[in-house]
Amino acid sequence: MKKVSLSDSGPKVSEAIYGFWRWTDEGAVTTSQIEKTVNLCLELGINTFDHADVYGDFTIEEHFGKIIKNKSFKREDIVLFSKCGIRKSDDKYLTYYDTSRDHIVNSINGSLKRLNTDYLDIFLLHQSDFLSDPEETATALAEIVKSGKTKHIGVANFTVFQHQLLASYLRIPIVTNHIELNLMNTTAIEDGRIDFIKQSFSKPLAWAPLAGGKILNGTDEKAVRLRSKLEEIGKKYDANIEQTAVAWLMKLGTLPIIGSLSETRIRNGASASDIKLSHQDWYEIYQVVGKQ
């Protein structure tokens, strides 16, 4: 799998990225399980890994850090993301957002410690905080880049206006926006987010590329029609439904974040980079689900 520049200022990442948001800590997750998945990704050419402080109730980064400590691979051979901004109340009842300076600084320090690394390649704001002071947030992001704690900054789940607002207070680039994008949810195409990210000379990252399994298993009419079209088009490329759906995202210039724990699905996602859909086939698939 080839490496591509995430933006005009870097970094270089694999065409598919592995994310840990589906891993939970319910007694089943072990360091060895995660290490097995990481080794599979590296074998397939995926060298870019997406974390967040809250994944697995603050445990997934720690597992990954143990793998780094055990020197299963060299730190410089991987690209490491993490995020902050989602918080839960003490009773876990309320989820809210916080991009204050103190929370940003405390969060990246915690992630670096758990991941057992001196730096991140990208540190992202997980959600927009409606109560944030954008100047304070921007100053904190610039501070952690200047200190070397992260090489780049990004955002996740930001609208165009939220992205623009934060960027207006920064002198350093926002290198990507992680957005939900898949063939069951194409709103990022229609509302301008894809265009805006590309206008900033960046590549969007698409989370939930298979709509949480709905593309493969959904029973509603839209999912059934979509599967039929993906199967039809996929035959031209000797590809299955999953590979074709991920290849559709790649044709758009987005980088899918694979989150499955299944080896087969990880392999399908990675191999989609070898499938080059034609313009006509891309639009034929989009016509089934998109706004025309």
Side-chain angles (χ1 to χ4, degrees), residues 1 4 6 13-23 46 48 50 52 55 81 83 124 126-127 154-160 163 176-198 202-234 237 239-262 264-277 279 281-292:
M1 180 181 299
V4 297
L6 189 54
V13 300
S14 47
E15 286 185 293
I17 291 160
Y18 189 83
F20 288 92
W21 68 291
R22 291 192 181 279
W23 292 73
I46 300 172
T48 307
D50 179 53
Y55 289 170
F81 302 173
K83 302 181 288 295
L124 305 100
H126 211 155
Q127 293 278 352
V155 295
N157 308 304
F158 273 42
T159 66
V160 169
H163 194 153
T176 190
N177 187 1
H178 291 204
I179 55 177
E180 181 178 5
L181 176 63
N182 53 63
L183 278 162
M184 295 293 287
N185 181 357
T186 61
T187 54
I189 297 175
E190 290 103 29
D191 66 17
R193 277 176 290 163
I194 292 291
D195 293 333
F196 179 73
I197 298 165
K198 290 181 177 181
S202 301
K203 290 183 174 62
L205 271 66
W207 61 268
L210 295 171
K214 290 179 183 177
I215 290 175
L216 300 176
N217 306 310
T219 56
D220 60 283
E221 182 186 352
K222 181 178 178 180
V224 172
R225 283 190 291 111
L226 175 60
R227 271 200 304 278
S228 176
K229 179 58 66 176
L230 289 171
E231 186 174 19
E232 175 192 333
I233 298 293
Y237 301 88
N240 60 33
I241 290 170
E242 187 171 355
Q243 290 168 317
T244 308
V246 176
W248 184 89
L249 290 169
M250 290 178 166
K251 178 71 173 178
L252 185 60
T254 67
L255 307 180
I257 302 177
I258 300 167
S260 178
L261 279 64
S262 161
T264 299
R265 291 184 64 181
I266 295 170
R267 288 185 180 277
N268 281 336
S271 61
S273 64
D274 297 325
I275 300 165
K276 310 301 179 186
L277 295 177
H279 262 61
D281 289 337
W282 189 93
Y283 276 102
E284 195 170 329
I285 294 168
Y286 180 60
Q287 195 171 35
V288 174
V289 294
K291 294 179 181 178
Q292 299 297 312

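Any value given below was found using the heavy atoms of this structure, including those in side chains, with hydrogens, waters and symmetry copies removed.
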Do T254 side-chain atoms and L249 backbone N/O form a donor-acceptor pair below 3.5 Å?
->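 Yes; judged by distance alone, with no hydrogens or angles, the pair exists.
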S271 side chain to N268 main-chain N or O, any donor-acceptor pair under 3.5 Å?
-> yes
Show the nearest heavy-atom pair for residues [X] and [Y], with the distance to one decimal.
{"X": "A156", "Y": "K83", "result": "CB-CD, 4.2 Å"}
{"X": "V224", "Y": "G218", "result": "CG2-O, 4.2 Å"}
{"X": "L210", "Y": "A245", "result": "CD2-CB, 3.8 Å"}
{"X": "K222", "Y": "M184", "result": "NZ-O, 3.4 Å"}
{"X": "I46", "Y": "A270", "result": "CD1-CB, 4.0 Å"}
{"X": "Y286", "Y": "E190", "result": "OH-OE2, 2.5 Å"}

In terms of the angle between their ring planes, are F20 and Y18 parallel, tilted or perpendicular, with boundaries placed at 30° and 60°?
-> perpendicular
Fit a plane to each ring of W282 and W248, take the angle between them on a 0 to 90° scale, and name the class: parallel (under 30°), tilted (30 to 60°) or perpendicular (over 60°).
-> parallel
Could you tell me whether the side chain of [Y] reaches within less than 4.5 Å of the side chain of [X], counting heavy atoms only?
{"X": "L255", "Y": "T48", "answer": "no"}
{"X": "I197", "Y": "K203", "answer": "no"}
{"X": "R22", "Y": "S260", "answer": "no"}
{"X": "V246", "Y": "E15", "answer": "no"}

May I have the step-by-step check of side-chain contact (heavy atoms from CB on, under 4.5 Å) for L205 and D50, ending in yes or no?
-> CA-CA 10 Å; L205 271 66; D50 179 53; 5.9 Å; no
Passing candidate, side chain to side chain contact (heavy atoms under 4.5 Å, CB included) with I194, options L181, V160, N177 = L181
Can T176 and S202 be counted as having a side-chain donor-acceptor contact under 3.5 angstrom?
-> no
Polar contact flag, side-chain donor to acceptor under 3.5 angstrom, K276-Y237 =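 No pair is found: no donor N or O on one side chain lies under 3.5 Å from an acceptor on the other.
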Going through the checks in order, is the side-chain contact (heavy atoms from CB on, under 4.5 Å) test met by V4 and V13?
-> CA-CA 5 Å; V4 297; V13 300; 4.1 Å; yes
Full working for side-chain contact (heavy atoms from CB on, under 4.5 Å) between T187 and R193 | CA-CA 8 Å; T187 54; R193 277 176 290 163; 3.2 Å; yes
Spacing of [atom1] belonging to [X] relative to [atom2] belonging to [Y], to within rounding of 0.5 Å:
{"X": "D220", "Y": "K214", "atom1": "CG", "atom2": "NZ", "value": "8.0 Å"}
{"X": "I241", "Y": "I233", "atom1": "CD1", "atom2": "CD1", "value": "12.0 Å"}
{"X": "L6", "Y": "S14", "atom1": "CG", "atom2": "OG", "value": "10.5 Å"}
{"X": "Q287", "Y": "K229", "atom1": "CD", "atom2": "NZ", "value": "8.0 Å"}
{"X": "N240", "Y": "R265", "atom1": "CG", "atom2": "CZ", "value": "10.5 Å"}
{"X": "E242", "Y": "L230", "atom1": "CD", "atom2": "CG", "value": "11.0 Å"}

Kindly determine whether K198 and L252 satisfy side-chain contact (heavy atoms from CB on, under 4.5 Å), including the steps that lead there.
-> CA-CA 11 Å; K198 290 181 177 181; L252 185 60; 4.2 Å; yes
